[in-house]
Every structure is written in structure tokens, then in C-alpha cells.
Amino acid sequence: MTSENPPSPPPDEQRAGAVGLSVVVPAYNEEDRLAPSLKTIRAHLDGEGTETWELIVVDDGSTDGTADVVRAAAAEDPRIRLLGSPANRGKGHAVRIGVLASHGRRVLVTDADLATPMSELPLLSAGLDAGAAAAVGSRALPGSRIGIRQHALREALGRAGAGVIRAVAAPGVRDSQCGFKLFEGERARTAFAASRLNGWAFDVEILRFFRKRGWAVAEVPVRWDHRPGSKVRPPAYAAVLGDLVRLRIRAVHPAGPAVAGLYLLIALFLYAGLWAAPNAAYLVDSASDQQQWEWFFAVTADNVAHLRDPFFTDLQNHPYGVNLMANTTMMGVSVPLAPLTLTLGPHVTWAVVLTGGTALTAWTWYRLLAKRLVRSRWAAALGGGFCAFAPPMVSHGTAHPNFAVLFVIPLIIERALRLCEGRRVRRDGVILGLLLVYQVFLGEEVLLLAATGLLLFAFGYAVFAPGAARAAAGPLLRGLAVAAPVAAVLLAVPLYRQFFGAQSYHSVLHGSVGNHPFALLEFATRSLAGDARVAASLSLNRTEENAFFGWPLIVLAVFLVVRMRDRPLVRALGFTALAAAVLSLGRDIPVLGTTHTLPGPWRVVGEMPLFESVIESRTAMICAPALGILLALACDRALNSRPRGERERGRRLAAWAAGAAALVPLLPTPYPTVERAPVPAFVADGHWRDHVRPGRTLVPVPVPDPGHVTALDWQARADFGFALPGGYFNGPDGPDRRGIYGPVPTPTAELLKKVNETGRAADVDDRTRRAFGRDLAAWRADAIVLPPQDKQDKGEPLRETVERLTGRKPQRVGGVWVWDVRDGV
């Protein structure tokens, strides 16, 4: 770069800030219109009585007489300076040179054509006088005055570009490209020193810098007139898009990809057995749930492919059907992943959802923590990892993706925090409403638990920081008032179908399944220090180990709350974790060392709408993010403070050791897998087509129920060519439509189930046969199929019983026994 300057200003004016106003004008081949523009600028500054000013023109490698025009003006007024670049580097490069060479307490950047006249400068000055660090002229606000308009196509491209810029790089600024901007001098020089873009998108980079530093930017409506001779050509729009992409890439913190990769490696480690053979491996701890979820993924994909009703199917529980909206089909992932399911099968989708969803959940918690709560990225990584891989999450990760894939919950929390700031309440309220809708299609019970946790936190924060809570309450409530109707409109039909449609039900009664107090102190089965027998004695099953944080972490958490009690946030987190833990103990809380119990708060909560279907021990899952955030805050404090003296260094070392002692025992271990039962050749090779007509059912023996689900795999393998009676789902029972797991029991299904359990063939009389005939007719059965049994002594009683019911011998086809009942019995 070369520079040409008139006689140097006095030494006191060479210091940054010694000049009242610096005006920076980038110029490229502006010989024809620059002279009158410089004259106009000088006249305005002198006429307004500006205390001291300088005018810096940066010649960006012009090939005409631009530099000569500036030299002539500088000869008349030494406050005009010329800087130059030997080659055309771009408007951003030229403005950067000018701003960094400026000395003004304020810096105005304006285009050489003065499309926005200097008479608009007082409007921008008023913005800085009101406390803003930058004031940008805008053509897109109410009050903007457009005199001479540009070509309609250019105007349309400009509006589209502004929309892209707002969405990608400069939210909140409707017109970032108007060439009339006023900055605080020191902050402008800091921002331009850090800038890198040389092209037309330099404004966006500077505004992003101001926003990142928390420096207020005011957008001011101004007058603007199109001037002929614009240097913006069609290729410039593509260049701006390229610069925006570079901005987004640069905005990614170096730790971000590393943390994301770490989370993915942890998830792959946990599900390594599943990935070793996704079409054959079955998670041991999932019982029947893996098969149920794979069926949900498969039937959703089939519905998408054939444009069927997404909220109902009669392929299970035929002919009554299953209300898919009232079951946890996770349409938020099963619908987008339908192409994957149709291509590679539901087994692969199951592995992708668990692995990718768990890692993504950790990532969104990390992002929330890094953006809102802690400075250290590694403290955020610790907290995010705990939120996603805490013992309760790992427990559900073997069978309940709706409780493990929670990546939307941190996004909801982050949007609620934005609402509390009160900046863009309407926009943030709409986005919050959309996020709530999406979470409904991932898991409603989780959303209910998350809302419970947020209410507990809000109550605690209001108690410990009433002033801040009052300030946040207004915009938050206004935002919720926007979010509610958005969600209500979009969810009206799905929720109507769920609660009032075919095969809907009111609630699922689980009985009293609160946590034992010791469950909070012990270790889960899949934790490094876990004992399967101890965990089994304190939980419903391995997928419902909803607490099990271990006593070292509980002790550490209490210590951290006491240690950092000066922060209302910490006290509110401690209250949230404590309240959730108490709620999880259920209706009756045991008094340790006695046979007595105390009434628990769940006696009240459990009677509230929606909560009657919640397993109360699951409220302990609220503790996971509360503890994860607490750990992140403590780690951040430790990483951002320097110990003084040997004693403090010793305490720091002891604190890190205590953290390791609390967390290492909770490290998750891989999920074990077994090989699933193969699909019989009768189904795999298509023999079933010779025995089951379209729209009719195949009846497996035993009839499918939550304990017998292998036939669901057959059905998916047969591309849903036949329906099944029974199945594994939630549906109604009785006139009051209470929710139950599986189908309403029928005489035939109960009879075959009993034979399977006892290993003894049933005595069959005429009454039993009549009931059997009615069941077959109701099921619209074409074939009864008895697959190979694990033990031959179980298969024989079942075959003998079905022979007695049908009065006929079966055929052996494709490795199974088949009874043709198309003509009845």
C-alpha cells in the first residue's frame, strides 16, 4: 500500500480521538463525481460548525484521475487526506485503510456518490448521543425516504440479500448495506483492525463484531437516492454470499468441532455393539422396546411413502388400530428420516437416532452453556456432556429415545432466555412456539418434565433474585402469549386426534413408582461403579433407573451450592435439583431406618392434568441438567481464576480431585447386545403371500403383546403386506378409555399366552372353540402361524392347543407351522 498526504496536521491532532469527526470515503474510478461530493462534504462540515474534522479519501487502485481530484481538493484544504492502494482490493479494504488511519472521536463512512446526503448526519449523531456505539443509515425502516429508486430487479436483489444477511450474519439490522454509517472512533478502529473481508460484505463483519462485543448498534431511517454509475455488478451478489459463508465459518469457535466430535465418539462407544451389526444386534436392556421403536420408525416411513394418515394405523391391533399420535412415534425424527428407513431399514434408523440424537443433545447443551452461562468452552463441554450422558439419560438411552434425544430442550431454554431480555419479543415468541411444536413431535412427557423443571427454577430465581426476575417476567410473559397461539394453531389437529380420535385414551396408570431415597445415592447399572443387583432393588427396571447420581456427586453438589451461594443462579439450580429429587420420591416417602412413610408432594402433583400418566420417579431426570449446569459453573470459576500461594494451589488440586472422584464412577459403559431372532423364511421369502389376502391378518402364536413382539419385525420385513392382531402400543381399555399397554385381552390371546407361560397344552371345549371362532372373525384372520420356539417343549403345547382349537393339522412352510383359516373353523 502507498499513501499520499498533504502537510501533516499538528501533533496534537495526530493522536486518535484528537479530531472531532473523521469522514472516510472509499473511491474507485470516481473522477467524474468525486469533486462535487468532496465540496459538498466540506461545505456541510464547515456550515454545521463541526469542531474539528478530517476527510480521508481512499483511492482503491483507480485507473482514472480519481487521485488527481483528491490532490486538487487537498491543496485547497489540508484537512483532506489521500490514501491509496496500488491495486483494486475491494471496498472493505479501502474503508479499513481509511478508518485505521483516522483520528476522530467519531468516524463517518460514506459513499463517494453521497446517495445519502450529508444533511442526514445529525440523525446518526443523535443515535450515538443516545448511547449507541454505531448508527447505521437504513432504507428499510418506517420513516426512510427513497427519492430516486433503482431498477426493480436490483431493488428485489437488494431486498433478498438483506434478508439473507439478517438470517445468516446480522440479525436485527434490516439494511446493513446502506453506505452511510457513523461509529465511535476507538471502537471503529478496534473493529476494523480485526476485520478481514475486503469485499462488499465488510459492513456485516463490522456489525457482527459490534454485536459480539455488546456494543449497541442503532439503525436510523435516512433519505436515499439512487445514483447512476454504481460499481455493484451481478457477480457482486455471489461474492457477498461467499463472504457470508466465510463469516459463519470463522464464527465457529475452534473448540466447537472438537467438542462435537468428542460427544459423537462417546455415543459411538456406547452403541458400538449396535453398530457392529445394526440389522442383527439387539440391545439387551431394551426388552421389547427396541422392536416397538423400530416398528414405529418403519410404519411412519411406510405412511410417508404411501401418503397415508400419519396419526393412525390398523396394521397393529387389527381391526381396531393404533392411535400413533397417542404413542411415542417421535415423528420429529421418524418423518425426516423416512428416506433412510425406506433405504436401509428401521434397524439402521434406530441406531442413527440413538447415536446421533444423544450426541446432538450434548452439543445443544454445550452451546447453551458456552453462549449464556460460562466463558470456558471446556467447562461448557463438561456440563453439556453430563446433561446428555448422566446416569438417567444413559438408562433411557437403551430403550427410550424420547427421553434420551432431547436436543430441542436447550433450544427452548435459550429462546426463553432471549425473551427475558425483551429485545425481539414477537419474533422470539414465534420461534419458541415452533420449537414447542417440534418437541411435541419428539416427546410430550419430556416437555412436561422440562416445563416442570423450568417452573421450579423460575420460582427459585424469583425468591433469590426478585429484582431480576421482575424485570424478566414482563417480556417473558409477552413472548409466551405469542408462542401459545402459534403452538395451539399448529397442534390443534394432532392433539385433537391424540385425545379424542380413534383409539385415544385418557391416561396410563402406572401405580406408585417413586424413587427410594437410596436410589439418589447409589450407582446405575451402566455406570462404571454400578452394581446391577443394587440398582435392580431400587428401580422399576433397567430403563427406569431415573436417579442413581451416586453419593460423591450429591456431596459435591451440596458443597458447590454452598461455595457459590453468592450467585442467585446457583441457589436457584440447587433448589431445582432438590425439589425435583423430592418430587421423584413419589406419594409416600420412606423414613429411613423405620417402616413409616411421610406424605410426598406427588400426592398433589399426581392429581393434576397430564401428570397422572407420568412415572413419578422420572422427575429425578430434572436433576441432570441442574447438576450439569452447576458443574459447568464451578469448572468455569476454577479455570478463570488463578490460585495465590501454595495453600490455595493445594485447595485447587483437592477440588479437581473431588470432581474426578464424583464423576469417574458415573462414566457410562457400553450397552451390551445380543443377536436378534432371525425372520422366518415364511416371511423373508414371501411365502406368506400364498396364505394371507390383502387387507387380512396373519395371527402369530402367541398373539402379539408387549411381551411377544417378534412378529412386528416380520411385518416390517414384509413391507406391511399383512396386518396383525394385538401388538405393543398404548391404547384404551373399557368404557372409561383408561390407557393400557397392548391390546384389550381376548379369550384366545389369553389362552395362548397361558399355554406359553405354563408349557402345558390347554383343554379345549365347545365354548372355547366358539370364543376362538369369534376372535378369528373379529381379527379377519387368514392364517395362524407358530414360529420356532426357544425351547421345543414350549412349542409342542402351543401347536397341540392350536390343533385342538382349529380341529386340523398345520402345514410346515418356510420354517413355521401354518394353519389356513380363510374359511373359518
Side-chain angles (χ1 to χ4, degrees), residues 267 286 289-290 292-297 299-300 310-311 322-337 349-350 352-365 387-390 392-413 415-416 432-455 483 487 490-491 494-495 497-499 504-505 507-508 510 543-546 580 584 609-625 728-730 739 741:
S286 70
D289 287 357
Q290 177 174 338
Q292 182 194 45
W293 279 102
E294 290 174 348
W295 189 89
F296 283 149
F297 293 150
V299 79
T300 300
F311 302 131
V322 175
N323 188 321
L324 294 176
M325 189 63 202
N327 282 266
T328 50
T329 52
M330 286 188 78
M331 293 183 196
V333 292
S334 59
V335 170
L337 293 179
T349 302
W350 166 253
V352 167
V353 168
L354 288 175
T355 308
T358 303
L360 184 58
T361 299
W363 168 257
T364 54
W365 280 114
C387 290
F389 298 108
M393 320 310 296
V394 173
S395 172
H396 284 278
T398 193
H400 300 153
N402 55 321
F403 278 93
V405 180
L406 306 179
F407 60 89
V408 175
I409 299 300
L411 302 181
I412 291 173
I413 296 172
R415 194 59 52 174
L432 177 59
L434 296 175
L435 289 171
L436 292 172
V437 170
Y438 187 52
Q439 179 57 48
V440 165
F441 288 106
L442 291 176
E444 295 169 85
E445 187 174 347
V446 162
L447 181 59
L448 179 63
L449 291 177
T452 302
L454 289 173
L455 286 173
L490 295 176
L491 291 173
L495 292 182
R497 295 286 299 275
Q498 175 179 345
F499 291 105
S504 60
Y505 55 89
S507 61
V508 179
H510 301 285
T543 63
E544 295 292 345
E545 294 178 6
N546 293 309
S584 78
L610 302 179
F611 283 93
E612 73 274 4
S613 295
V614 174
I615 296 177
E616 53 263 45
S617 66
R618 289 177 176 175
T619 55
M621 299 177 72
I622 297 171
C623 300
Y728 184 13
F729 57 92
N730 282 56
Y741 290 97

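Applying the ring-ring contact (aromatic ring centres under 6.0 Å, His included) test to Y505 and every residue at least two apart in sequence or in another chain returns nothing. Residues satisfying the side-chain contact (heavy atoms from CB on, under 4.5 Å) test with L448, not counting sequence neighbours, are L610, F611, V614. When the salt bridge (charged side-chain N to carboxylate O under 4.0 Å, His left out) test is applied to E616, no partner is found at least two apart in sequence or on another chain. With sequence neighbours excluded, the residues forming a side-chain contact (heavy atoms from CB on, under 4.5 Å) with S504 are N323, R737, listed by chain and number.
Taking 4.5 Å as the limit, every side-chain heavy atom of T452 sits out of range of all side-chain heavy atoms of T619. Within the 4.5 Å cutoff, no side-chain heavy atoms of E445 are placed close to those of H400. The closest side-chain heavy-atom distance from P410 to W363 is not below 4.5 Å.
Ring geometry, F311 versus F441: the interplanar angle falls under 30°, so the pair is classed parallel (tilted spans 30 to 60°).
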Query raised in the report: Going through the checks in order, is the side chain to side chain donor-acceptor pair (under 3.5 Å) test met by N546 and H396?
Result: CA-CA 8 Å; N546 293 309; H396 284 278; 2.6 Å; yes

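Checked by atom type and distance alone, the side chain of N730 never pairs as donor or acceptor with a backbone atom of N327 at under 3.5 Å. With hydrogens and angles disregarded, a donor-acceptor distance shorter than 3.5 Å links the side chain of T364 to the backbone of T361. Using modelled atom types, no side-chain atom of Q439 and backbone atom of L447 make a donor-acceptor pair closer than 3.5 Å. In this structure a side-chain-to-backbone donor-acceptor pair under 3.5 Å is present from W293 to A399.
Considering every non-hydrogen atom in both A580 and C623, the closest pair reads CB-SG, 4.0 Å. P625 approaches M621 most closely through the heavy-atom pair CD-O, 3.3 Å. In this structure, L354 and G397 approach most closely via the heavy-atom pair CD2-O, 3.5 Å. Nearest heavy atoms, V405 versus T358: CG2-N, 4.4 Å. Of all heavy-atom pairs spanning E545 and S395, the tightest one is N-OG, 3.2 Å. For the pair L432 and I412, the tightest heavy-atom approach, listed with the atom from each and the gap, is CD1-CG2, 3.7 Å.
For residues 394-408, no residue pair satisfies the salt bridge (charged side-chain N to carboxylate O under 4.0 Å, His left out) rule, not counting sequence neighbours.
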N/O donor to acceptor pairs below 3.5 angstrom from side-chain atoms of residues 328-335, sequence neighbours left out:
{"from": "T329", "atom 1": "OG1", "to": "L324", "atom 2": "O", "distance (Å)": "3.4"}
{"from": "S334", "atom 1": "OG", "to": "T329", "atom 2": "O", "distance (Å)": "3.2"}
{"from": "S334", "atom 1": "OG", "to": "M330", "atom 2": "O", "distance (Å)": "3.0"}

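Interatomic distance, L434 CG to L490 CG, rounded to the nearest 0.5 Å: 6.5 Å. Taking CG of L436 as the start and CG of L411 as the end, the distance is 11.0 Å to the nearest 0.5 Å.
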